[in-house]
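Notes follow once the structure below has been shown.
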2 protein chains.
Amino acid sequence: MAVGFYPTVVYFRAVTTEGERSGEPRTVRTPTHHEALAQVKSAIERGNLLTLFGCCTVEYDGRAESYLGSGDRLIVLKPDGTALVHTEEGQKPVNWQPPGGTFESELADERLLVRSRRPDPDETLAVHFEYVTQLSAFDVTDAKEISLAGSEEDLRQRILADPDLVEKGFTPLATERQTAAGAIDIYGKDADGTTMVVELKRRRVGPDAVGQLRRYINALRRDLHAGAEVRGVLVAPSVTERARSMLAESGLEFVSLEP
Amino acid sequence: MAVGFYPTVVYFRAVTTEGERSGEPRTVRTPTHHEALAQVKSAIERGNLLTLFGCCTVEYDGRAESYLGSGDRLIVLKPDGTALVHTEEGQKPVNWQPPGGTFESELADERLLVRSRRPDPDETLAVHFEYVTQLSAFDVTDAKEISLAGSEEDLRQRILADPDLVEKGFTPLATERQTAAGAIDIYGKDADGTTMVVELKRRRVGPDAVGQLRRYINALRRDLHAGAEVRGVLVAPSVTERARSMLAESGLEFVSLEP
DNA sequence: AAGTCTATATCGAAG
DNA sequence: CTTCGATGTAGACTT
């Protein structure tokens, strides 16, 4: 068992038992600010994923402004310019920077300062470290794409494959059909040939979805010849009480379907 | 310079130069799955912030479902139950679990498996590791709250402090005044005593904001006696072309104000 | 607990 | 480039 000293740089090559692992991560514990600066610069240069844990203050200036007092946080810097500042709680980072920016690091007042700048909108994020507990640079290449099911897109695919899920005899004619009020999820006809507008929601819907469907139908009625009959169907797992009464008022229909 | 062997557990106490630092972080490089499991369990038990870097697959099942094939990722587990799976790009984690869940870890097929379960909605996230490159457990207590300026709330405070920013003679009477269409940001009267509805947006607004303001005004006209005159003012840094014409059509006004 | 609204929303698609 | 809608939205606040 090795006991770390101060500062300690650890280079290591992974023991490979099943296929090639990624390049050597570089980890430094309790570095001096000077040493941390060198490691940060080098990691950014190499396009590594960089994590820093330590006590810091954070300033953000851009679409809004914020100041975060001194405390322990985990900072993640990605090669695409993303910056994340995480505290011990919450899913959302307490501060962040979206992809596309650039990182700069320097010693300010003899302490490590990491800055992220992003143009359009012009935004800066500055992390001032009081001390760095641990710094790690990882070589990471992850080509795999995620496959997601149960989304609205997935629901649409299922209805197109089996239109009877909406109503027996329903025939989809188009998806994303454009109207003045936006694109209709599924446009089609019922068994009698009456035009139908189907709006999909993957979860319980409120009044906003009813308004959206209503706007589509009004737009469609204007687009089609006057007096054209158009049915509107909201497809969702469930509906709020207020939305249900709005549907009734507007002569719209609801079909319950799990995503 | 120390060269890591396999596995290596590093316990260290930070050198304190300015006030007490947090407890000792625990970092393990290229652990066996068995060793990783012990460290994960111990870190969760202690309420530490845990980071894992390594090659893994990720399964999610809950509001939707997803599968993520094998690749290098950074996993962050927080003591509040938050789980984050980050790849080398993007601000959003590729998979995640909101706070409130519980972690379980075990060896499945002799490999480290970390699971997160969350009730209501019932959701599970499972990370299967092919190998762990590095594992770190941090003791973290961050009491500091973030102070944010330049938000819509901030804009409202400024207008209440100086109503002339909207219009000379404007008198705010209420904030968050309820209507059937929702709450009005600032409700008041102009120099002539005419009712005013002020809608605030901290950034460039599109047609949606005009629609929102229009709904508030219609609701208010219904609430007040018939024929009541109501002015609507949209306060934002700027407005899109389409929104500007909608404002003109609806007889609404626009005041440019930076957040 | 459920509904509503905001966000430094982020993200992707479409015009 | 803007505009628009979906998100496993998250998170805060009201009822």
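Below, chain A is the first sequence line, B the second, and so on; all start at residue 1.
The side chain of A:S66 approaches C:dT8 more closely than any other nucleotide in the set D:dA6, C:dT8, C:dT6. Among the nucleotides D:dG8, D:dA10, D:dA6, the one closest to the side chain of B:K92 is D:dG8.
Residue-level contact check: B:E153 touches neither bases nor backbone, having no heavy atom under 4.0 Å from any strand. Across all strands shown, B:P99 has heavy atoms under 4.0 Å from sugar-phosphate atoms exclusively, and none from any base. Using a 4.0 Å heavy-atom distance criterion, A:S151 is classed as a sugar-phosphate-only contact. Within 4.0 Å (heavy atoms only), A:R203 reaches at least one base atom of the nucleic acid. A:E123 comes within 4.0 angstrom of a base, heavy atoms only. Contacts of A:G150 with the nucleic acid, taken as non-hydrogen atoms under 4.0 Å apart, are absent. Across all strands, A:P98 comes closer than 4.0 Å only to sugar-phosphate atoms, never to a base (heavy-atom distances). Nucleic acid contact class of A:E199 (heavy atoms, under 4.0 Å, all strands): sugar-phosphate only.
The distance from atom CD of B:Q97 to atom C1' of D:dG8 is 9 Å, rounded to the nearest whole Å. Following rounding to the nearest Å, A:R177 (CZ) and C:dA14 (P) show an atom-to-atom distance of 17 Å. Summarising the geometry, the separation between CD1 on A:I146 and C1' on C:dG12 is reported as 15 Å, rounded to the nearest angstrom. The CG-C1' distance, from A:D154 to D:dT7, rounds to 14 Å in whole Å. Note: CG (A:L148) to P (C:dC11) measures 15 Å, nearest angstrom. Computed from coordinates, the B:N95 CG to D:dT9 P distance equals 14 Å when rounded to whole Å. With rounding to whole Å, A:E152 atom CD is found 14 Å from C:dA13 atom P. Atoms CE (B:M246) and C1' (D:dT3) sit 13 Å apart, rounded to a whole Å.
At a threshold of 4.5 Å between non-hydrogen side-chain atoms, the residues A:E65 and A:E59 do not count as touching.
Annotation: of the two residues near DNA chain D, A:G90 and A:L200, the 5′-most nearest-nucleotide partner is A:L200. Take the nearest nucleotide of DNA chain D for A:D120 and for B:L125: the residue whose nucleotide is more 5' is A:D120. Nearest-nucleotide positions on DNA chain C place A:V239 closer to the 5' end than the other of B:Q91 and A:V239. When each of A:E176 and A:A64 is assigned the nucleotide of DNA chain C bearing its nearest heavy atom, the one mapping closer to the 5' terminus is A:A64.
Checked by atom type, the side-chain pair B:S250/B:R214 shows a donor-acceptor distance below 3.5 Å. Judged by distance alone, the side chains of B:K78 and A:H86 do bring a donor and an acceptor atom under 3.5 Å apart.
Heavy atoms of other residues, nucleotides or ligands lying less than 6.0 angstrom from CD of A:E145 number 12 at most.
Rounded to whole Å, the separation between the P atoms of C:dT8 and C:dT4 comes to 23 Å. Taking the P atom of each, D:dG8 and C:dC5 are spaced 22 Å apart, rounded to whole Å. C:dA7 and D:dA6 have their C1' atoms separated by 15 Å, given to the nearest Å.
B:E65 contributes no side-chain N or O that forms a donor-acceptor pair with the base of D:dG8 under 3.5 Å.
Remark: A:R118 is not in phosphate contact with C:dT8, judged by side-chain N or O atoms under 4.0 Å from OP1 or OP2. For A:W96 and C:dA9, the shortest distance from a side-chain N or O to OP1 or OP2 is not below 4.0 Å.
With A:L234 as the fixed residue, the side chain to side chain contact (heavy atoms under 4.5 Å, CB included) test singles out one of A:L252, A:L247, A:V255: A:L247.
Across A:T82 and B:Q91, no two heavy atoms sit closer than the pair CG2-CA, 3.7 Å. Here the closest non-hydrogen pair linking B:N48 and B:P79 is O-CD, 3.6 Å.
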